[in-house]
Amino acid sequence: MERLNLLYRGPLSSCNYDCHYCPFAKHRETEEELENDRNSLQRFLNWLKLRTHRPHGVFFTPWGEALVRRWYRDAIVGLSHQENIDRVVIQTNLSAKLNWLRECDRDRVALWCTYHPDEVPRDRFLRQCQRLDECGIRYSVGVVGLAKHAAEIKAMREALPKSIYLWINALKSGDPKMVANAKELSALFEGIDPLFPSNNTYHLSRGKRCDTGNLSVAIDGEGVVRRCYFVRDPIGNIYKEDLESLLKVRVCPNERCGCHIGYVHMPDVGLQKVFGKNILERIPET
């Protein structure tokens, strides 16, 4: 059977960075809140272990930084050795220690790494990337396309190995001065990331086919299933219903889609062919 991608986001909502443009919640969690997140993750892992009838991809997309929590590191190591897991990926700012990655099946693990120039020096981030190279872990690097960071983004592209894809997320809301809409800035970013034009737009999506809800679903800490993060109506719950019965081909109910992890699943956009099996880690196959 075709791989089913599961985007998991538990209740964890703390981050060791404080980017002003980031929508992720920022607060210091209590021990009780952390215990709830740990238990929610373990419940999800227990459920997933029983799904042996098809291959799965797991993409952890936390509201914050999860790799500073041991239970997420342990989860990735464990999942990488499960026969029903084809790929396990996590979004991370790459600030945590990385030695634990040597315990993983490195053919199944990849990282979606975000670089925040206001939060970490470039050389420190690059040292972490070098550690990933030494561990044999595949990864992509991304950064938000702020005009004030244009020179830093260019410097990062020059410093990274050419084999590493550097993607740029356009900031499409907020202060107009931060949006990559100037021709000169857009041309610079496209020269660094050839796929930037796809991100620097809102794709008309209403009534168009999207493979979320069929080949990819979003699951929260309570087991609630949504087709994606941008369609809020639930389609079921993995702890109450058979997930396979919830899956079907759907069209998008929203007027437009402007986030990569949404529109990448729209066949009309054409990025499924670009990323192929690397769709979760945002590493182009072509």
Side-chain angles (χ1 to χ4, degrees), residues 3 5-10 12 14-17 38 41-42 44-45 48-49 55-62 64-117 119-143 152-153 155-169 192-193 260-261 274-286:
R3 188 178 85 185
N5 291 321
L6 309 174
L7 279 63
Y8 177 83
R9 179 177 288 164
L12 185 76
S14 59
C15 188
N16 53 349
Y17 284 4
R38 185 162 45 240
L41 176 59
Q42 188 58 55
F44 171 72
L45 296 175
L48 182 55
K49 190 174 294 185
H56 296 77
V58 179
F59 186 17
F60 293 110
T61 61
E65 178 54 43
L67 288 186
V68 295
R69 307 297 178 185
R70 182 176 182 85
W71 51 95
Y72 281 94
R73 302 194 298 268
D74 289 345
I76 292 172
V77 173
L79 286 172
S80 76
H81 293 288
Q82 280 185 209
E83 289 300 319
N84 63 334
I85 303 301
D86 177 71
R87 195 67 47 85
V88 55
V89 181
I90 190 168
Q91 288 179 322
T92 174
N93 60 28
L94 216 56
S95 61
K97 293 182 179 180
L98 301 174
N99 291 342
W100 58 275
L101 285 165
R102 298 186 184 277
E103 303 174 30
C104 296
D105 181 333
R106 300 168 203 180
D107 292 331
R108 299 184 185 183
V109 172
L111 299 186
W112 164 310
C113 307
T114 52
Y115 173 50
H116 305 278
E119 302 290 328
V120 60
R122 186 193 331 141
D123 60 345
R124 185 184 303 171
F125 186 89
L126 286 168
R127 283 198 297 272
Q128 289 290 77
C129 292
Q130 184 176 1
R131 292 185 178 100
L132 293 180
D133 293 331
E134 292 168 353
C135 288
I137 299 295
R138 297 180 312 105
Y139 64 98
S140 66
V141 171
V143 62
E152 186 59 38
I153 294 171
M156 176 57 72
R157 174 63 279 173
E158 293 171 351
L160 282 171
K162 292 182 179 180
S163 59
I164 301 301
Y165 175 46
L166 175 64
W167 44 267
I168 302 174
N169 270 355
I192 295 171
D193 175 9
H260 171 86
I261 60 175
V274 174
F275 291 99
K277 290 186 177 181
N278 299 334
I279 198 168
L280 296 181
E281 56 266 46
R282 204 168 178 172
I283 298 176
E285 281 189 340
T286 58

Practice task
Would you confirm whether R282, through its side chain, and W112, through its main-chain N or O, come within 3.5 Å as a donor-acceptor pair?
Solution key: no
Handout entry: From CZ (R73) to CH2 (W100), nearest 0.5 Å
Key = 7.5 Å
Handout entry: Check: R108 side chain, Q82 main-chain N or O, donor-acceptor pair, under 3.5 Å
Key = yes
Handout entry: Step-by-step side-chain contact (heavy atoms from CB on, under 4.5 Å) determination, V143 to M156
Key = CA-CA 10 Å; V143 62; M156 176 57 72; over 6 Å; no
Handout entry: Beyond-backbone contact of I90 with L111, side-chain heavy atoms, under 4.5 angstrom
Key = yes
Practice task
List the atom of N93, the atom of F125, and the distance in Å for their closest heavy-atom pair.
Solution key: O-CE1, 3.8 Å
Exercise for the section: May I ask you to test the N99-R131 pair for a side-chain heavy-atom distance under 4.5 Å? Expected result: no
Exercise for the section: Report, as yes or no, whether the 6.0 Å neighbourhood of atom CZ on R70 holds more than 12 heavy atoms from other residues, nucleotides or ligands. Expected result: no
Completion exercise
In short, R9 meets T61 closest at the heavy-atom pair NE-O, 2.5 Å
Handout entry: Beyond-backbone contact of K49 with L45, side-chain heavy atoms, under 4.5 angstrom
Key = no
Practice task
Taking the side chain as every heavy atom from C-beta outward, state whether D133 and P161 have any pair of such atoms under 4.5 Å apart.
Solution key: yes
Handout entry: D86 (side chain) donor-acceptor with P55 (main chain) under 3.5 angstrom
Key = no
Exercise for the section: Might you work through the side-chain contact (heavy atoms from CB on, under 4.5 Å) test for L160 and C129, ending with a clear yes or no? Expected result: CA-CA 8 Å; L160 282 171; C129 292; 4.1 Å; yes
Handout entry: Separation between CG of D74 and CG of L41, rounded to the nearest 0.5 Å
Key = 9.5 Å
Exercise for the section: Without swapping roles, check the side chain of Q128 against the backbone of L94 for a donor-acceptor pair under 3.5 Å. Expected result: yes
Exercise for the section: Fit a plane to each ring of Y72 and F60, take the angle between them on a 0 to 90° scale, and name the class: parallel (under 30°), tilted (30 to 60°) or perpendicular (over 60°). Expected result: perpendicular
Practice task
Check step by step if side-chain contact (heavy atoms from CB on, under 4.5 Å) holds for H81 and V77.
Solution key: CA-CA 7 Å; H81 293 288; V77 173; 4.3 Å; yes
Practice task
For P284 and Y165, work out which heavy atoms get closest and say how close.
Solution key: CD-CD2, 3.4 Å
Practice task
Working to the nearest 0.5 Å, report the span between CG of D107 and CD1 of I137.
Solution key: 9.0 Å
Exercise for the section: Begin from the C-alpha positions of N278 and S140 and carry the test side-chain contact (heavy atoms from CB on, under 4.5 Å) through to its verdict. Expected result: CA-CA 10 Å; N278 299 334; S140 66; over 6 Å; no
Practice task
State, with a plain yes or no, whether a side-chain heavy atom of W167 is found less than 4.5 Å away from one of T114.
Solution key: yes
Problem - For the student: nearest non-hydrogen atoms of R87 and K277, plus distance - result: NH1-O, 3.1 Å
Completion exercise
Sorted by chain and number, sequence neighbours left out, side-chain contact (heavy atoms from CB on, under 4.5 Å) with Q130 holds for E134
Problem - Minimum-distance pair of heavy atoms, taken over all atoms of C135 and R106 - result: O-CD, 2.8 Å
Practice task
Flag the pair L48 / L79 as yes when at least one side-chain heavy-atom distance between them is below 4.5 Å, and no otherwise.
Solution key: yes
Problem - Closest non-hydrogen atom pair between V141 and Y115, with its separation - result: CG1-CB, 4.3 Å
Handout entry: Inter-residue atom distance H260.NE2 - I168.CD1, 0.5 Å rounding
Key = 14.0 Å
Handout entry: Spacing of CZ belonging to R3 relative to CG belonging to L280, to within rounding of 0.5 Å
Key = 5.0 Å
Exercise for the section: Measure the CD1-CZ distance between I164 and R157 for me, rounded to the nearest 0.5 Å. Expected result: 8.0 Å
